[in-house]
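All remarks here apply to the structure that follows.
Treat the numbers as computed from the prediction; the structure is a model and nothing was measured.
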Number of protein chains: 2
Amino acid sequence: MSTERRAPLDRHRVADTALRLLNEVGLDGLTLRAIAKELDVKAPALYWHFKDKQALLDEMASEMYRRMLTGTEPDPADTWQERLLKANRGLRTALLGYRDGARVFSGTRFTGIDHAPALEANLRLLTDAGFTLAQAVDAGRTANSFTIGFVIEEQGMRPLHGDGEVRERVDLGERARRMAGFPLAAAAGELLFDDYDRQFEEGLAVVVAGIGTRYGTG
Amino acid sequence: MSTERRAPLDRHRVADTALRLLNEVGLDGLTLRAIAKELDVKAPALYWHFKDKQALLDEMASEMYRRMLTGTEPDPADTWQERLLKANRGLRTALLGYRDGARVFSGTRFTGIDHAPALEANLRLLTDAGFTLAQAVDAGRTANSFTIGFVIEEQGMRPLHGDGEVRERVDLGERARRMAGFPLAAAAGELLFDDYDRQFEEGLAVVVAGIGTRYGTG
DNA sequence: CGACGCCACTTAACAATGTTAAGGAGATTT
DNA sequence: AAATCTCCTTAACATTGTTAAGTGGCGTCG
C-alpha cells in the first residue's frame, strides 16, 4: 500500500539533494522543478522552506562549507604556513567537488556561524605567530581571493560534466593558430591549460611566501 | 519625417550599448529585450549578430578588456614588479567600472586576439627579467587569479547600483552579534568589509613579493 | 467526540526569459 | 526586371522563478 507517508522535508535535506543534483545537471540545469522532482514534491513546496531560490543557494553554499570543515580538523600544532596551505587546499578541493562549485560558492553569503570557529582558530594561530589582527585578516583574504579566483577560472575552463567526466573547453590548436605572431603567448597556451594542480600549488606557495616576506614572519 | 533609416547594427555597437545598460540594470536585469529596446530594435534582431546570449556576453567581456588596454599603454621601461602592479590594478579598475563586471568577465572566454599583444609584452618583460616562460605564466596567472577572486568578492559585498551609488550588503552590527564568542572573528568584521582599495593593494603587494621570493628575481 | 487550527503540501496560474520559425522590406547583384 | 542577400519584424514556444488559493492530515482544546 502507498499509505507510507514521506517524512516532511527540511532545509538540510533540500540542500543535500540540490547539491547532489548540481553535479548531474550543473548550475544552469538546477531548476526548482528538477530539485522538487528529486524530492518527490512539486516546485512550490520548496517555498515553504526557503524564501526564494537564492536562499536555497545560500544554504547549499553553507553546506559545502560545512562538509569542507568536517574533512579538516585543524591541527593546533600547525605552523601558520601549514594552516594556510591546508585551508586553501581544502577550499579548492571542496569547490572542485561540485560542478560550478566556485560559482555557487562565490555568489552567496553565509547566514549561519558554522564558519566562525575555524575562522577564529586560524586568526588565533596567525596572531600567536606574530601577525597583527589586521595582517592576519589581510593574509587570509589574499589567499582566499587567490583560491576562489583560481578555481573559478579552472572550472570555467574544464567544466565537470554529469558523468564525472572532464571536458576541455579550449581548442589548443586553434588558439595556437590565432596566436601566430605572438610566440611567447602561443607557447604559453600549453602551460596555461595543463596541470591545474601544479599551477594551484605554485600560486599558493607564492602567496604564502609573499605573506612571510611582507609581514616579516617567514 | 521618419524616413531616417537607422544605421544597421553591428556586434560592436550592440556590445557597447549592452555594457552601458549593464551599469543601470545589473547582470540579472540585462535581458535581450531590454538591450534590444535600447537599440530601437526587437529582441530577435540580436540573433542576426550573435549566435546566442553567451556570445554577446563574450563580446562584452572582450570589449571591457579592450577598453582596459587602451587606458594603459605598457611602458617598456617598467620593472616586472611595476608591470604586474599596473596590469592588475588596471584589471580591477576595469572590472569595478561595470556592475557585476567580475561576474561577466570571469564567465566568458576571449574569442579574438586583442589580448595577445599585451600578453606577449608582459611575458617578454618577465622572461627578459630572468623568469622562465613557465614561471612567467605561473606568476601572471597567480596575480590574475587573486585579482579576479578579490573583485568578485568585492562586488558581491558592495554591489554598484544603478545610480552609481554603493550599498553595503552586510550588516556589521548583526554580524558582530552572531560572532559573539569568537572575539577575533568578530573584530575581523570591521577589517574585512572596509577599505577595499587598501586591502587590494596589500594583497597585490603580497603576491608580487611572493613572486620575487619564490622565483629569486626580487 | 468534534471543531478548530496549523503544518506541509498541491493545483493553477502568471509574467518574464531565451530562443526559433517564418516572413518581409529594401538594397544589391545578375 | 528578376533574383539574391541583408537585416529586421511578428508570432510563437517551452521553460523559468514565483504567487495565490486551496486541501488533507494531525494535534489540541472545548
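- Within residues 8-22 of chain B, no residue has any heavy atom closer than 4.0 Å to DNA chain C.
- Side-chain atoms of A:Arg99 come within 3.5 Å of backbone N or O of A:Glu24 as a donor-acceptor pair.
- Each of A:Asp40 and B:Lys51 has a nearest nucleotide on DNA chain C; the 5'-most of these lies closest to A:Asp40.
- Judged as a side chain to side chain contact (heavy atoms under 4.5 Å, CB included), and not counting sequence neighbours, the contacts of A:Met68 are A:Tyr65, A:Leu91, A:Ala94.
- If you check D:dT10, D:dT19, D:dT16 against the side chain of A:Pro44, the one that comes closest is D:dT19.
- Aromatic pair B:Phe146/B:Phe150: ring centres closer than 6.0 Å.
- Side chain of A:Val41, nearest nucleotide from D:dT10, C:dT10, C:dG18: C:dT10.
- Under a 3.5 Å cut-off, the side chain of A:Gln199 and the backbone N or O of B:Asp138 do not form any donor-acceptor pair.
- Shortest non-hydrogen contact noted between B:Asn88 and B:Phe200 is O-CZ, 3.6 Å.
- One can place CZ of A:Phe50 at 13 Å from P of C:dA8, the figure rounded to the nearest angstrom.
- Proximity of a side-chain donor or acceptor of B:Asp114 to a complementary backbone N or O of B:Arg66 within less than 3.5 Å is not detected.
- Residue A:Trp48 places at least one side-chain N or O under 4.0 Å from the OP1 or OP2 atom of C:dA8.
- In terms of modelled atom types and a separation under 3.5 Å, the side chain of A:Glu153 and the main chain of B:Asn144 share no donor-acceptor contact.
- For the pair A:Lys42 NZ and C:dC9 C1', the interatomic distance rounds to 11 Å; values are reported in whole Å.
- Atom-to-atom, CG of B:Leu32 to P of D:dC8 comes out at 15 Å; the value is rounded to the nearest Å.
- Between the CG atom of A:Leu46 and the C1' atom of D:dT18 there is a distance of 12 Å, rounded to whole Å.
- Rounded to whole Å, atom C1' of D:dT16 lies 16 Å from atom CD of A:Gln54.
- Here the side chain of B:Tyr47 is nearest to one of D:dT19, C:dT20, C:dT17, namely C:dT20.
- Distances shown here put a side-chain N or O of A:Lys53 below 4.0 Å from the OP1 or OP2 atom of D:dG17.
- Spacing between atom NZ of B:Lys37 and atom C1' of D:dT9 amounts to 15 Å, rounded to whole angstrom units.
- Residue A:His49 has a polar side-chain atom (N or O) positioned under 4.0 Å from OP1 or OP2 of C:dC9.
- Rounded to whole Å, atom C1' of D:dT9 lies 13 Å from atom CZ of B:Arg33.
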